[in-house]
Amino acid sequence: MASATSADTFPQMGSLGDVHMSGERRLPASPVNPVMETRDLNVFYGDFHAVHDVNLSYGRHEITAMIGPSGCGKSTVLRCLNRMNDLVASARVEGEVLYHGQDVYEKSVDPIAVRTHIGMVFQKPNPFPKSIYDNIAYGPRVTGMKVDNMDDLVEEALRGAALWDEVKDKLKQSAYGLSGGQQQRLCIARTIATRPDVILMDEPCSALDPIATARVEDLMLELRNEYTIIVVTHNMQQAARVSDRTAFFTARPDETTGNRTGLLVEYDLTSTIFSNPNDKRTEDYISGRFG
Amino acid sequence: MSTAATAAAQTVRLTAGRSRERNVGSLVFLGLLWFSLFFGVMVLVVLIIDTMLKGSVRFDSDLLFSYESSLNPESTGFRAGILGSLWLMVTTAVMAVPLGIAAAVYLEEFSNSRRWYNRIIEVNLQNLAAVPSIVYGLLAVAVMALFGFQQKNIVLGGAIALALLILPVVIITSREALRAVPREIRDGSLALGATQWQTTWRQTLPSAIPGIATGTILGLSRAIGEAAPLLLLGLGAVRFDPEGVLSRVTALPIQIYRLSTQSQVAFQEAASAGIIVLLVMILLLNGVAIFIRNKFQRSW
């Protein structure tokens, strides 16, 4: 699990009033025609019950943030959405993960196909040890996407990730020469090059400095127009700044074993979660009293 | 007391006592460590210098380009051994490297390490690396007999023995190289919709090539010095160049072994010179390994 990061940097969230809220958008109280849904999602690692009964729906062209203390299972839920948990040998998933109404965990579903529709950006920028160009072209190449002109696709993806102007003269150079923030935007560009429908982001800014973080957040708000974004974050201010809806998770220790099982506490519009939460635990967490 | 005086007093306290790093016990221990190092290095240096001095009379072109000769001990050479060792190395590499890498890729990327049979393979790989080389000689004799070869002292026979010998080393070092490729690279590839197979071919293996190459070359440099398994296969004196994998062959260590058991001084000298030739070949191989490692090394 990820370590406590930015949440510790801002221990007091007392003056939530002056945090910019994206809730200016008028949104229905719950997503209409959600792109993705989880129904009674339970995840086990061996005998360890990691996530308990998560019911969530993710709205089209919305940014949904999942927040909560370390070990509350939010990353686990995220990795179920594109079946990245398949890669953990001991992981077992129960319940349904619906993508446009189809359960991605059904036997007939190909996890490779799921991942081409549902892209993912990771916590630590993970460019491939290749040129910037090849980093972008890799996805379309391996998935056998029909591309008329790869150069155009690379430019489009880099423009989409607000990186084109910075790298257009060094496309053939190694991606490892870029700064951390640029690398993360490259990873976002790489993901949108395969034209996914949903982009999952697992603490995309936790390894970045504040300026790089701001740029990625701006990018997220731009991408919202074309993609559905689901982001796990430790940084509550980030959730408040960028997300339309926020799901708050917490961990409940098992009375006998002491293992902590993650569960969803509250899910609502971000403005509601941060101004008028229903649950006492949510209120305690966002006001910095625990977590 | 003034602050200046306090500061002075503290300075004195820091410098007055004797350093506990230099008490008798640690000095003795340090001396022991130095002696061990000195002893190890010294033995090696003396051996090499002694061999070089003995062999120095034979550092001539006959040494490299002539065949073994019992009539003229002064001009006996290692042509057959050098060429034979090169043939053996190439054939060994052709057999052991693809097998070793494939086994490593399976174990690292595809196998479920919780399955009992994979665990057994895991444990036994470590054991295989420690098996005495002569056992592999026996194994190679059996394999050659199985395939119906009357003559076992051919390139193929020797290469089978040496390939079996270095296979565990190649597998283990290749696995380490694969394991050194960060999880994030694989995740990044898979998350873009690549299959596990594509991820292995296009990301993991290319990133691991320098490590695999280094390990393989170090394995080969172990194989080139082996005499025991080759003796078992009956490799002896040969006075022609190997022409193929079915050609009879000898190897440098075999020639050295045979010459050093002769009573004539000239043969002893030739053996010493041959050892230097072998050492140079091993050093060259290790040099290539170091070059590859430094040139392609990547920090993640």
Side-chain angles (χ1 to χ4, degrees), chain A residues 46 78-79 81-90 110-130 134-145 157 174-176 183-184 186-202 207, chain B residues 104-123 174-214 292-300:
Chain A
L78 190 78
R79 292 171 76 89
L81 300 180
N82 69 342
R83 295 195 55 172
M84 285 299 278
N85 266 343
D86 290 18
L87 307 173
V88 182
S90 62
D110 177 13
I112 306 297
V114 171
R115 293 183 201 131
T116 58
H117 290 102
I118 307 167
M120 188 165 199
V121 175
F122 296 85
Q123 187 171 1
K124 198 175 140 221
N126 60 346
F128 302 129
K130 296 169 180 282
D134 286 339
N135 261 277
I136 307 287
Y138 180 79
R141 279 178 188 151
V142 293
T143 53
M145 209 169 107
S174 168
Y176 280 43
Q183 286 187 4
Q184 193 62 303
L186 178 68
C187 291
I188 294 172
R190 187 171 78 180
T191 304
I192 61 183
T194 58
R195 304 189 203 283
D197 187 13
V198 180
I199 302 177
L200 310 178
M201 297 186 174
D202 190 358
Chain B
V105 165
Y106 168 74
L107 287 170
E108 267 317 293
E109 306 293 321
F110 293 94
S111 79
N112 180 349
S113 59
R114 299 195 306 162
R115 294 255 181 280
W116 61 270
Y117 45 84
N118 287 324
R119 278 216 297 267
I120 288 179
I121 293 173
E122 192 107 359
V123 172
S174 299
R175 287 187 69 183
E176 271 159 20
L178 289 167
R179 213 174 302 149
V181 178
R183 178 82 245 160
E184 288 87 30
I185 298 291
R186 296 180 180 84
D187 281 355
S189 173
L190 292 166
L192 287 170
T195 62
Q196 202 142 23
W197 187 240
Q198 287 170 323
T199 302
T200 304
W201 265 115
R202 294 174 179 234
Q203 299 292 349
T204 320
L205 255 185
S207 301
I209 287 288
I212 292 174
T214 313
I292 291 176
R293 197 180 57 207
N294 290 349
K295 175 129 174 124
F296 298 101
Q297 200 170 39
R298 188 174 283 127
S299 55
W300 301 97

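Letters A, B, ... are given to chains in the order of the sequence lines, protein chains preceding strands, and every chain is numbered from 1. If you're wondering where the values come from, they're calculated on a predicted model, not measured in any experiment.
A:Arg190 contributes atom CZ, which lies 8.5 Å from atom OG of B:Ser189 (distance to the nearest 0.5 angstrom). The distance from atom CZ of A:Arg115 to atom OG1 of B:Thr195, rounded to the nearest 0.5 Å, is 10.0 Å. Between B:Asp187 atom CG and A:Phe122 atom CZ the span is 4.5 Å, to the nearest 0.5 Å.
Both the backbone and the side chain of A:Ile112 come within contact range of chain B, with heavy atoms under 4.5 Å apart. The contact between B:Arg183 and chain A is made entirely by side chain atoms (from C-beta outward), counting heavy-atom distances below 4.5 Å.
The minimum heavy-atom distance linking B:Leu192 with A:Thr191 is given by the pair CD2-CA, 3.9 Å. Scanning both residues, B:Gly193 and A:Thr116, for their nearest heavy atoms gives CA-CG2, 3.7 Å. In plain terms, the two heavy atoms of B:Gln203 and A:Pro129 that are nearest each other are OE1-CD, 4.1 Å. Nearest heavy-atom pair, B:Thr199 versus A:Tyr138, reported as atom, atom and distance to 0.1 Å: CA-OH, 4.0 Å.
No side-chain heavy atom of B:Leu190 sits under 4.5 Å from any side-chain heavy atom of A:Pro111.
Of the possible donor and acceptor atoms, none in the side chain of B:Glu184 sits under 3.5 Å from a partner among the backbone N and O of A:Asn126.
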* To do: Mind running side chain to side chain contact (heavy atoms under 4.5 Å, CB included) on B:Arg202 and A:Phe128 for me, showing each step along the way?
  => CA-CA 10 Å; B:Arg202 294 174 179 234; A:Phe128 302 129; over 6 Å; no
